[in-house]
Amino acid sequence: MIVRQVLPSLAAGYRHTAGLKADGTLTAAGDNKYGQCNVDDWTGAGSHHTVGLKADGTVTATGWNKYGECEVSGWRDIVAVAAGCTHTVGLKADGTVVAAGSNEYGQCGVSGWYDIRLPFIG
C-alpha cells in the first residue's frame, strides 16, 4: 500500500512560484516561457520546470527539459518529488530514490540510496 500525505507547500523556481491549495490542487504564477506554470494538481517547482506527483504514484513534468529533468513518465510507486534547478528526484514507496536530469555536480547520484523516509507529520 502506498501512503501519501499532502502537506501545505510553496515552491519557488527561477522566475515562477507554485502553491499547493487546501483542496490538493496547485496554482502557479510568473514566467511561463518554458511552460513551467502549466500545472494542474502538481507539487514541485524547479528552475524552469515543474513536477507533479499524481494520486496513482506516477509523476508528470512540464517546462524546460534541456537536461532531461522532465523525463519522469516511467516513474512508478512514487510518494514524494522534488524539483532542483536542472534535475528532478523522486522518493519511491520502498525507500529508494530515482533522479532525472543534469548530473554535472553528482546531484543525480542517488541510485544507491535506500531506506529514505518522509518525515512524520502528526
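For the salt bridge (charged side-chain N to carboxylate O under 4.0 Å, His left out) condition, the pairs that include at least one residue of residues 106-116, sequence neighbours left out, are D115-R117. A side chain to side chain donor-acceptor pair (under 3.5 Å) check over residues 99-109, counting only residues at least two apart or in different chains, returns nothing.
In this structure, the side chains of T88 and W75 come closer than 4.5 Å at one or more pairs of heavy atoms. Taking 4.5 Å as the limit, some side-chain heavy atom of T58 sits within range of a side-chain heavy atom of R76. Side-chain contact between H87 and V89 is present, with at least one heavy-atom pair separated by less than 4.5 Å.
Across all their heavy atoms, A83 and V51 have their closest contact at CB-CG2, 4.0 Å. For the pair V72 and A61, the tightest heavy-atom approach, listed with the atom from each and the gap, is CG2-CB, 3.9 Å. Taking every heavy atom of both residues into account, V110 and A99 meet most closely at CG2-CB, 3.7 Å. Residues I116 and L91 share a closest heavy-atom pair of O-CD1, 3.5 Å.
A donor atom on one side chain and an acceptor atom on the other are not found under 3.5 Å apart for T62 and H49.
No side-chain donor-acceptor contact under 3.5 Å links E71 to the backbone of E69.
Atom SG of C85 is separated from atom OH of Y67 by 8.5 Å, given to the nearest 0.5 angstrom. Expressed to the nearest 0.5 Å, how far OG1 of T96 lies from CD1 of I78 amounts to 7.5 Å.
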Given side-chain contact (heavy atoms from CB on, under 4.5 Å), test K92 with V98 step by step and report yes or no. CA-CA 8 Å; K92 298 185 78 166; V98 292; 3.9 Å; yes

